[in-house]
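Encoded as C-alpha cells, the structure appears first; notes follow it.
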Amino acid sequence: RGRTAALFSARISQPQSDMPASTKQTKIFCTMGPACWDVDMVEQLIHAGMNTARFNFSHGDHEGHGACLKRVREAAARVPDRNIGILLDTKGPEIRTGFFKPECNNKIHIKKGATVELTTDYSFKGDETKFACTYDKLPSSVRPGSIILIADGSLVLKVTECKSTSVMCVSENDQSIGERKNMNLPNVKVELPVLQEKDIDDLKNFAVPHKVDYVAASFVQSAADIEFIRKTLGPEGKDIKIIAKIENQEGLDKFDEILEATDGVMVARGDLGMEIPPERVFKEQKLMIKKCRQKGKPVVVATQMLESMIINPRPTRAECSDVANAVLDGADAVMLSGETANGNFPREAVAIMARTCRRAEEMMLEADPSGYEEIFKLMKLAKEGSHKMDLIESAASSAVKMACDIGAPAIIVLSQTGETARLLAKFHPVAKIIAVCSDVRIANQVEGYMCNTVSVVTDSPRGEGRHVMVGFEAGKKKGLFKDGDCVIAVHTMRNADNVKQWAVRILNVTSKLPL
C-alpha cells in the first residue's frame, strides 16, 4: 500500500478524539455570529477544524463585520501553523415580503384556502388579505398556477390571477409569518442583477479594503454575472477568489459556462431546494461536484448540514450521513451556517463535522488505498477527445502520479498564485499538498478551500532550494515525514530566455539545502 497509505492507516488506528483536526482532508467553512465571534471561541473553532470564516452580509453592517473580522484574525494569529480563509457572502438579489399594519404586531396569520394579494407597492402596509413584496416584475414573471414560497417555504401560495401591479393567490396551508420574509419563485427567471446596490457597496468598501480571500456570490445565473463581479472588485480586488453560489434553475441551466468563469462553486441547497423540487437537490449536488472535480474548481456543499445542532448537543444520524456523502461525492469543503453563528454548540458542531469528514475519507482510502483509481479516472477525462493539457496541469497530474507510484507522504509546491496547488488538489491525492507561499493571501486561499492542503508562509527569497527547505521543515513539524523520506516537489524555473519551465522532482527530505 506504500508509505502514504500506511501513514494514513496509522492515523486511523488512533482514537478519533486524539486525532488533530489538521489530519482531515476536507475543509470546513464556519459562519460567524453571536454564538462564536469572540476571540477565544474562534480559536476553539480553528482547533476543532475550521478552515474558513464566513461573513454573511445578509445581516449586519460594515462596522460590526469589521470588528468581527479583527477578532477572527486575532484568533488566527494565536494558531500560527494554520492559515484561515475569510469569506464575504453577498446578500444578493433576494425577494422579500413587506411590512404590516401596526395592529398586526409584526405578524400575520393566514389560513389554508384564504385569498391573498401580493402587491409590488412596497410602501403598502399589509395584513392577512394583502401585503407587499420587493420584486417589481412579479406580475409579469408568474402566471396562474405558479407557486410562490414564503419564509423558507413554510407558506405556499398558488397564483390565481395576475394584475398590473399585483397577483392574486390562494394559500395552500395554514401559516403565521413575520415581516420581511424571503420569497422564492420556483421555475421563474428572476430579472434582478447578481449584485444589488448594497452588494456593490459591500464589495468595494469592505471586501477590497479588508483584503478578504473569497467572495461567495448569491444567485449566480450566468458567466456574465461572474465577470460583472470581477469588474466591480476592480484592479485592487483582482486577487479575491469568486465562489459562485448555485441557487436556482437558471444557475443549473448555465452551470457549465459559470464553472468556466468562476474560481469555485458553492452548492447552496437552501434556496436551491426552494427553487427546484427538493427531491432533485441530491442529484444536482452530485452532478455539480462531479463537474467541479473534472475542472479542478473547489466545490463547497452548504446548508442545514448539522442543523439540529443549533439546539441539540448531537446531530441526527441523517445529518452525519449528509456530511459524509458530500465528502464521498468529492466535495472539497462543507459548511456550517446557524450551527456556528447562533447555535448552542458551535465548537461541538465543528468537531463532529471534522470527525465525520475523516471517517468518510478513511472509507475512501480503504476502497482505494493508493488513490490510483480516482486519479486515473480524472486523468482519463482530462484527455477525452483531442484535448491537450496545459503545461501546469500536466505537471500537476504527473506529480500526483509520482506520489502514488512511490507512496510519497507529501507533495511540496512552491506557489506564487495558488494555481499549481489548485490543480494538484483537483485529484484529491492521498499525499498531503504543502504549498510554500510568499503571499499570506495565497496561503489562506489554498488552505482555506482546497482539499488536503496545508500552507506555509515564508519571507525567504526564492532560489537555492530555500523554499523547498521551508516545505521540509513544515512537513516534519506536522509529522508528515522525516529526514530520509522521499517527497515530490513541483516548481517553476526560468531558462536562458526567461521562459517559465516546469519541474517535478523526487527529493529526499533533508535538513541541508537541496541542490
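Worth saying up front: this structure is predicted, and the values here are computed from it rather than measured.
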- Counting distance only, does the side-chain N/O of Thr120 pair as donor-acceptor with the main-chain N or O of Ser166 below 3.5 Å? no
- Are any of the side-chain nitrogens in Arg71 or Glu74 under 4.0 Å away from the carboxylate oxygens of its partner? no
- Ion pair check, Lys91 and Asp199, cut-off under 4.0 Å: no
- Message: Check Glu172 with Lys158, please: is the shortest side-chain N to carboxylate O separation under 4.0 Å?
- Response: no
- Does Asp439 reach the main-chain N or O of Arg441 with its side chain, forming a donor-acceptor pair under 3.5 Å? yes
- Item | Donor-acceptor contact present, side-chain Ser455 to main-chain Ala443, <3.5 Å | yes
- Item | Ionic contact status for Lys254 with Glu257, cut-off 4.0 Å | no
- Task: Spell out, as yes or no, whether a donor-acceptor pair under 3.5 Å connects the side chain of Lys24 to the backbone of Gly49.
- Result: yes
- Can you find a heavy atom in the side chain of Gln445 that is under 4.5 Å from one in the side chain of Tyr214? yes
- Message: Could you report the tightest heavy-atom contact between Met183 and Cys133, atom names first, then the distance?
- Response: SD-CB, 3.6 Å
- Query: In terms of side-chain geometry, is the basic nitrogen of Arg230 or Asp263 positioned less than 4.0 Å from the acidic oxygen of its partner?
  - Reply: yes
- Going by the angle between their ring planes, with limits at 30° and 60°, are Phe206 and His65 parallel, tilted or perpendicular? perpendicular
- Task: Would you tell me whether Asp174 and His109 have side-chain atoms, one donor and one acceptor, within less than 3.5 Å of each other?
- Result: no
- Message: Within 45 degrees of the ring normal and closer than 6.0 Å to the centroid, is that where the cationic atom of Lys130 sits relative to Phe124?
- Response: yes
- Does Ser321 offer a backbone N or O that forms a donor-acceptor pair with the side chain of Asn325 under 3.5 Å? yes
- Any Lys/Arg nitrogen of Glu393 or Lys426 sitting under 4.0 Å from an Asp/Glu carboxylate oxygen of the other? yes
- Asn182 side chain to Asp152 main-chain N or O, any donor-acceptor pair under 3.5 Å? yes
- Say whether, by atom type as modelled, one donor and one acceptor occur between the side chain of Asp121 and the main chain of Ser123 under 3.5 angstrom. yes
- Task: Applying side chain to side chain contact (heavy atoms under 4.5 Å, CB included) between Phe55 and each of Leu69, Asp89, Asp202, report the one that passes.
- Result: Leu69
- Item | Whether over 12 other heavy atoms sit under 6.0 Å from Tyr122 OH | yes
- Task: Would you check, one step at a time, whether the test side chain to side chain donor-acceptor pair (under 3.5 Å) holds for Asn184 with Glu275?
- Result: CA-CA 6 Å; Asn184 293 91; Glu275 297 282 339; 3.0 Å; yes
- Query: Is the number of heavy atoms from other residues, nucleotides or ligands under 6.0 Å of Lys112 NZ greater than 12?
  - Reply: no
- Item | Which atom of Asp213 lies closest to which atom of Ile84, heavy atoms considered | OD2-O, 4.0 Å
- Query: What heavy-atom pair brings Val194 and Phe219 nearest, and what distance separates the two atoms?
  - Reply: CG2-O, 3.9 Å
- Does CZ belonging to Arg143 count more than 12 external heavy atoms closer than 6.0 Å? no
- Message: Give me the atom names and distance for the closest heavy-atom approach of Gly296 to Arg422.
- Response: O-NH1, 2.7 Å
- Task: First locate atom CD1 of Ile243, then atom CZ of Phe29, and finally report the distance between them rounded to the nearest 0.5 Å.
- Result: 4.5 Å
- Message: Between Asp332 and Thr26, is there a side-chain heavy-atom distance shorter than 4.5 Å?
- Response: no
- Message: As an exercise, state the distance from CE of Met305 to CE of Met353, rounded to the nearest 0.5 Å.
- Response: 5.0 Å
- Query: Any salt bridge between Lys231 and Glu227, counting N to O under 4.0 Å?
  - Reply: no
- Message: Is any side-chain heavy atom of Val299 closer than 4.5 Å to one of Val267?
- Response: yes
- Task: Determine, for Lys290 against Asp329, whether the closest basic-nitrogen to carboxylate-oxygen distance falls under 4.0 angstrom.
- Result: no
- Are Tyr135 and Ser141 close enough that a side-chain donor and a side-chain acceptor fall under 3.5 Å? yes
- Query: Thinking salt bridges, do Lys27 and Glu447 make one under a 4.0 Å N-O criterion?
  - Reply: no
- Item | Flag if over 12 foreign heavy atoms under 6.0 Å of CZ, Arg78 | yes
- Which heavy atom in Ile148 sits nearest to a heavy atom in Cys169, and how many Å separate them? CD1-SG, 4.2 Å
- For atom NZ of Lys70, is the number of surrounding heavy atoms from other residues, nucleotides or ligands below 6.0 Å larger than 12? no
- Derivation and outcome, side chain to side chain donor-acceptor pair (under 3.5 Å), residues Gln285 and Arg269: CA-CA 8 Å; Gln285 172 179 316; Arg269 304 178 303 177; 3.1 Å; yes
- Report yes or no: does Thr262 contribute a side-chain atom to a donor-acceptor pair with the main-chain N or O of Leu259 at less than 3.5 Å? no
- Query: Under the 3.5 angstrom rule, does the side chain of Glu339 hit a backbone N or O of Leu336 as a donor-acceptor pair?
  - Reply: no
- Item | Heavy atoms from other residues, nucleotides or ligands near CD of Glu197 exceed 12 (cutoff 6.0 Å) | no
- Message: Can you tell me how far apart CD (Gln221) and CG (Asn248) are? Round to the nearest 0.5 Å.
- Response: 4.5 Å
- Message: Assess whether a salt bridge exists between Glu260 and Lys295, defined as any Lys/Arg side-chain N lying under 4.0 Å from an Asp/Glu carboxylate O.
- Response: yes
- Rounded to the nearest 0.5 Å, what separation is found between the CD1 atom of Ile150 and the CG atom of Leu155? 5.0 Å
- Query: Are any of the side-chain heavy atoms of Lys238 and Leu233 separated by less than 4.5 Å?
  - Reply: no
- Over 12 non-hydrogen atoms of neighbours within 6.0 angstrom of CD in Glu279: yes
- Query: If you measure from the Lys or Arg side-chain nitrogens to the Asp or Glu carboxylate oxygens, is any gap between Glu361 and Arg358 under 4.0 Å?
  - Reply: no
- Item | Flag if over 12 foreign heavy atoms under 6.0 Å of NZ, Lys211 | no
- Quick one: does Asn173's side chain have a donor or acceptor within less than 3.5 Å of a partner on Ser154's backbone? yes
- Message: Do the side chains of Arg347 and Asp40 get close enough for a salt bridge, i.e. N-O under 4.0 angstrom?
- Response: no
- Heavy-atom closest pair (Met335 atom, Ser337 atom, distance to 0.1 Å) is CE-OG, 3.4 Å
- Does the side chain to side chain contact (heavy atoms under 4.5 Å, CB included) test come out yes or no for Glu284 and Ile276, once each step is laid out? CA-CA 10 Å; Glu284 301 298 345; Ile276 68 172; 3.9 Å; yes
- Note on the structure: When rounded to the nearest 0.5 Å, the distance separating CG of Leu87 from OG1 of Thr31 is 8.5 Å
- For residues Phe131 and Glu179, determine if any side-chain heavy atom of one lies less than 4.5 Å from a side-chain heavy atom of the other. no
- Message: Distance check, rounded to the nearest 0.5 Å: Ile86 atom CD1 versus Arg54 atom CZ?
- Response: 13.0 Å
